[in-house]
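Only one structure is covered here, and it is reproduced in the block below.
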Amino acid sequence: MSSPASAPCGYIHRPLDRSARVFVAGSRGLVGSAVCRHLEREGFTDVVGPGSAQLDLRERRAVLDWFAATRPDVVVLAAARVGGIKANATRPTEFLSDNLRIQVNVLDAALEQGVEQLLFLGSSCVYPKFADQPIREEALLTGALEPTNDAYAIAKIAGLLHVQAVRRQHGLPWISAMPTNLYGPGDNFHPEHSHVLASLIRRFHEARTAGAQRVVNWGTGTPRREFLHVDDLARACLYLLEHYDADGSVNVGTGTDLTIREAAELVAEVVGYQGAIEWDAAQPDGTPRKVLDVSRITTLGWAPCIGLREGIAEAYAWYVEHRRSAAL
Ligand SMILES: NC(=O)C1=CN([C@@H]2O[C@H](COP(=O)(O)OP(=O)(O)OC[C@H]3O[C@@H](n4cnc5c(N)ncnc54)[C@H](OP(=O)(O)O)[C@@H]3O)[C@@H](O)[C@H]2O)C=CC1
Ligand SMILES: C[C@H]1O[C@H](OP(=O)(O)OP(=O)(O)OC[C@H]2O[C@@H](n3cnc4c(=O)[nH]c(N)nc43)[C@H](O)[C@@H]2O)[C@@H](O)[C@@H](O)C1=O
């Protein structure tokens, strides 16, 4: 990445010590596993990331004790209850309660241990349903949320404000990023709870292998979405930890979007499905559009590099290889 010509707001150059102990919360998930892969490629030698079976981040005492015993130098908070539109719309209690508890426990424990650097991952769903497009970071809290994921969004907004509160009150250089819709190896391919690209990959693969002549997707296909490969996000996470220190969150995306119908046609082409593609308008569409304004991270000197077609092909290859073992 080239360093920006004139140092933009929040720009710093603070390379991380490759021997620093980095806690990747959510290390087994889509984002966490990509962050761990990237840190390993970058030469980090002390990356720790217990899964939820070893450390349930909803359990406050266990989290405080783990931090006191492990004393990480850096934390990437990529642990959360996460799911697509139907999971969010049908389980708002868990999406609010689990995520608030995970965030409060990890952030409180990190403060108690004086963790110097922390990156909190929010989501593009924090922005108002009808925010001006592309969505700037300043649009936060300027309008009503999308009802299908308002519980999750409120939890994420609470996390963002928690990070800002620690910055103001304790002066720690913690930061927040707002990623757009993600996809890639290690995604959740559950037929009901997954995000759209993963769900389409599974649906078209199963249809092709079964010789089906039609598939039915959710909604009208008309909403627009922006998709960022998770390996690009992982690079952005380290880049922000080493080049950004300011109160404001940073959108992370491609700055381009397409309709769900266009995405479905692209997935069908990659998977090799040639039957009919139909739409069930009784299923929720969600936000009509949420493409991010990525000028802040672009000015900081970062840009994505994995194209959508190439990325979907890689995600599909991972799904085919892992679909049996991971009981996807
Ligand atoms: N996927 C997307 O499109 C987007 C994701 N994000 C954000 O990125 C982050 C990661 O999401 P993603 O990787 O997609 O999600 P995944 O569901 O793939 O991974 C979530 C991770 O969180 C861990 N986790 C969940 N609950 C607990 C718990 N109680 N205790 C400990 N660990 C827990 C899981 O651990 P285990 O596997 O061990 O159970 C898992 O590793 C989240 O903050 C999400 O909001 C933001 C924008 C878009
Ligand atoms: C990242 C962001 O992701 C979530 O928001 P979302 O972008 O609306 O979520 P989604 O990826 O599940 O759906 C995108 C669109 O796709 C259409 N769609 C068609 N067919 C399928 C389908 O088979 N599965 C899914 N999930 N959607 C489908 C669906 O009707 C909708 O129009 C937040 O909950 C929250 O998790 C969040 O932060």
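For ligands, and for the atoms within them, numbers begin at 1 and follow the listed sequence.
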Practice item. Would you mind listing which atoms of ligand 1 come within a distance below 4.0 Å of any non-hydrogen atom of Pro179? Key: 46 (C), 47 (C)
Check your understanding: Which is it for Arg203 and ligand 2 at heavy atoms under 4.0 Å: side chain, backbone, both or neither?
Key -> side chain
Exercise for review: Report yes or no: do Thr220 and Asp285 form a side-chain donor-acceptor pair below 3.5 Å?
Suggested key: yes
Review point. Counting only heavy atoms, which portion of Ile85 has something under 4.0 Å from ligand 2: side chain, backbone, both, or neither?
Key: both
Review point. So which of Phe95, Phe227, Trp218 gets nearest to atom 24 (N) of ligand 2, if we judge by its closest heavy atom?
Key: Trp218
Review point. Looking only at distance, does Asn88 have an N or O less than 3.5 Å from an N or O of ligand 2?
Key: yes
Point to revise | Sub-3.5 Å N/O-N/O distance, Gly186 and ligand 1 | key: no
Review point. Would the Tyr316 and Phe204 ring centres measure less than 6.0 Å apart?
Key: no
Point to revise | Gap between atom CG of Asp46 and atom OG of Ser19 - 0.5 Å precision | key: 8.0 Å
Review point. Would one find an N or O of Ala79, backbone or side chain, under 3.5 Å from an N or O of ligand 1?
Key: no
Review point. Where's the contact between Ser124 and ligand 2, heavy-atom distance under 4.0 Å: side chain, backbone, both or neither?
Key: neither
Check your understanding: At the 4.0 Å heavy-atom cut-off, does Gly122 count as touching ligand 1?
Key -> yes
Revision key, fill the gap. At under 4.0 Å between heavy atoms, what of Lys86 touches ligand 2? The answer is neither
Revision key, fill the gap. Contact region, Arg225 to ligand 2, non-hydrogen atoms below 4.0 Å, reads side chain
Practice item. May I ask you to list the atoms of ligand 2 that are less than 4.0 angstrom from any heavy atom of Ser199? Key: 22 (C), 23 (O), 24 (N)
**Study point:** Leu121: numbered ligand 1 atoms lying under 4.0 Å from its heavy atoms
**Key:** 43 (O)
**Study point:** Test item: protein heavy atom less than 4.0 Å from atom 46 (C) of ligand 1
**Key:** yes
Exercise for review: Output the list of atoms in ligand 2 that are nearer than 4.0 Å to some heavy atom of Pro284, sorted by atom number.
Suggested key: 29 (C), 30 (O)
Review point. For ligand 2, is any non-hydrogen atom under 4.0 Å from Ala264's backbone (N, CA, C, O), its side chain (CB onward), both, or neither?
Key: neither
Review point. If you measure every N/O of Thr287 against every N/O of ligand 2, is any gap under 3.5 Å?
Key: no
Review point. For ligand 1, which part of Leu55 has a heavy atom less than 4.0 Å away: the side chain, the backbone, both, or neither?
Key: backbone
Revision key, fill the gap. A student checking ligand 1 against Thr180 at a 4.0 Å heavy-atom cut-off should list atoms 47 (C), 48 (C)
Study note, to complete from the structure: Within 4.0 Å of some non-hydrogen atom of Cys125, the atoms of ligand 2 are 37 (C), 38 (O)
Review point. Can you tell me which residue and heavy atom of the protein come closest to atom 18 (O) of ligand 1, and the distance to 0.1 Å?
Key: Leu30 N, 2.9 Å
Study note, to complete from the structure: Quick look: Ile260 vs ligand 2, heavy-atom contacts under 4.0 Å, and the answer is side chain
Review point. Where on Tyr152 is there a heavy atom closer than 4.0 Å to ligand 1, on the side chain, on the backbone, on both, or on neither?
Key: side chain
Exercise for review: Check whether any N or O atom of Pro223, backbone or side chain, sits under 3.5 Å from an N or O atom of ligand 2, and answer yes or no.
Suggested key: no
Review point. Which atoms of ligand 1 have any heavy atom of Lys156 under 4.0 Å away?
Key: 42 (C), 43 (O), 44 (C), 45 (O)
Check your understanding: In ligand 1, which numbered atoms sit nearer than 4.0 Å to a non-hydrogen atom of Asp56?
Key -> 28 (C), 29 (N), 30 (N)
Practice item. Would you mind listing which atoms of ligand 2 come within a distance below 4.0 Å of any non-hydrogen atom of Asp285? Key: 30 (O), 31 (C), 32 (O)
Review point. Which one of Glu146, Lys290, His195 has a non-hydrogen atom at the shortest distance from atom 5 (O) of ligand 2?
Key: Lys290
Practice item. For ligand 1, note which part of Arg28 has a heavy atom under 4.0 Å away: side chain, backbone, both or neither. Key: both
Exercise for review: Within a distance under 4.0 Å of any heavy atom of Gly51, pick out the atoms of ligand 1 and give their elements.
Suggested key: 38 (O)
Practice item. Would you mind listing which atoms of ligand 1 come within a distance below 4.0 Å of any non-hydrogen atom of Arg58? Key: 29 (N)
